[in-house]
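These notes concern the structure reproduced below.
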Amino acid sequence: MRPAHVLLAVLVAAVWGVNFTVIEVGLGHFPPLLFSALRFLAAAVPAVFLVGRPKVAWKWIVAVGLVLGVAKFGLLFVGMDAGMPAGLSSLVLQIQAVFTALFAFLALGERPSGIRVLDMGVALAGIGVAAVDEGAAGPVGAFALVVAAAACWGVSNVLTRKAAPPDALNFMVWVSTVPVLPLLGLSLLLEGPSRDLAALRALDWQGAGTVLYVAWITTVFGFGAWGLLLRRHPASTVAPFSLLVPVFGMSAAALFLGESVSPLRWCAAALLVGGVALTSVTPGRRREPSPDPAPEPAAAHTDVLAAAEPAGRPR
């Protein structure tokens, strides 16, 4: 990769890592489901009028929108609102790589090698250590919600591979249109219209800034830049940069939110990031080789959500 592209990849990882701190700040202004709905609304409008028509079937846009937008981000925001620290959330979400491999095996027949299974075991050990640390210092239920969010992310990654979008930014913008109404409906039902109205009436520059960051910077810029890198370089070259996300996430949370990082958490980070890194570079195998493998550029685009947040992270 050219130095400019390396810097861009690091910048995207930094944007996605800091995003967790921004979400934590935003949750002080909005109920979690309303915040998530506003994030996707701002990501979709006005971008949806600029990216052109959808380039994949609507069934894939709706499926990924519901699983990624409603389930994954809904669980993540609720988990963080329930007490899951921002830095730890950025770390635990990386277990999505293990869930993706598992669901790809079940749905796509992508059988992992024995070495990759061992690598995933290392990553799962990291989650176990993080769970022990969080159990001693915070709500285990919130931790479980973020792990569930990572599992939903794994499902959405497999759906995205099946959809094989030729344009990652176009796909992400259209996916962002799907969760808005379901999340608003869930917010009205579970968080209550009075709480939602109070949050909107109290909207200030900081609250608006958090929505714009998670929508425009994290989603539109982040996925747009990531898609550009994947068009220029193999996914195996670009994807490892996503492992910097928890590094920036934990650092930003410590710097701006005063979150402490215990020795157990550092151990969990080493195991989880190390296991995910090995999983990313260890070749897997399919049950049945495909007679007509997809060309590399298309394969790179289908891995965009597996390699990064959106997110959304966005977040």
Side-chain angles (χ1 to χ4, degrees), residues 11-48 64-65 68-82 84-90 92-93 96 145-146 149-150 152-153 156 168-169 171-180 182-184 186-187 191 196 199-200 202-227 242 245-246 248-253 256-257 304-305 308-315:
L11 175 61
V12 172
V15 163
W16 283 335
V18 172
N19 184 61
F20 289 86
T21 294
V22 175
I23 290 170
E24 187 72 29
V25 174
L27 289 171
H29 294 265
F30 307 100
L33 295 175
L34 175 64
F35 187 22
S36 189
L38 293 175
R39 169 261 179 93
F40 282 108
L41 177 62
V45 180
V48 73
V64 174
L68 181 71
V70 179
K72 185 258 183 175
F73 282 108
L75 289 167
L76 176 63
F77 279 38
V78 170
M80 291 184 65
D81 187 61
M84 183 68 167
L88 186 59
S89 296
S90 71
V92 170
L93 270 185
Q96 60 85 16
L145 287 172
V146 176
C152 292
W153 196 1
S156 73
L169 179 60
F171 182 68
M172 192 61 198
V173 168
W174 281 102
V175 163
S176 296
T177 66
V178 175
V180 177
L183 284 169
L184 283 175
L186 287 172
S187 179
E191 296 165 345
D196 287 350
L200 293 174
L203 182 65
D204 58 14
W205 67 268
Q206 188 180 64
T210 61
V211 172
L212 295 179
Y213 183 95
V214 299
W216 292 356
I217 305 300
T218 302
T219 303
V220 178
F221 166 75
F223 279 101
W226 198 256
S242 69
V245 171
F248 286 112
M250 295 174 71
S251 300
F256 297 110
L257 302 177
V304 65
L305 293 180
E309 192 270 327
R313 187 157 223 264
R315 289 162 74 160

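Residues take their numbers from the sequence shown, with the count starting at 1. Since we're looking at a predicted model, the values are computed, not measured.
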For a quick test of reading the model, state the closest non-hydrogen atom pair linking [X] to [Y] and the distance between them.
| X | Y | value |
| --- | --- | --- |
| V25 | T210 | CG1-CG2, 3.9 Å |
| S176 | V180 | O-CG2, 3.5 Å |
| G69 | S36 | O-OG, 4.2 Å |
| T177 | A44 | CG2-CB, 3.7 Å |
| A86 | L257 | CB-CD1, 4.0 Å |
| M80 | S89 | CG-OG, 3.5 Å |

Would you please name every residue forming a side-chain contact (heavy atoms from CB on, under 4.5 Å) with P179, sequence neighbours left out?
F40, V70, L183
Can you name the side-chain contact (heavy atoms from CB on, under 4.5 Å) partners of P31, sequence neighbours left out?
L34, E191, R195, D196, A199
Is any side-chain heavy atom of [X] less than 4.5 Å from a side-chain heavy atom of [Y]?
| X | Y | answer |
| --- | --- | --- |
| F20 | L93 | yes |
| D204 | H29 | yes |
| L75 | W153 | no |

Residue list, ring pair (Phe, Tyr, Trp, His ring centres under 6.0 Å) with F35, at least two apart or on another chain
F30, F77
Out of curiosity, [X] [atom1] to [Y] [atom2], how far, rounded to the nearest 0.5 Å?
| X | Y | atom1 | atom2 | result |
| --- | --- | --- | --- | --- |
| T218 | N19 | OG1 | CG | 3.5 Å |
| W174 | L169 | CH2 | CG | 12.5 Å |
| K72 | L76 | NZ | CG | 5.5 Å |
| Y213 | T21 | OH | OG1 | 9.0 Å |

Passing option when V15 is tested against T219, I217, V245 for side-chain contact (heavy atoms from CB on, under 4.5 Å)
I217
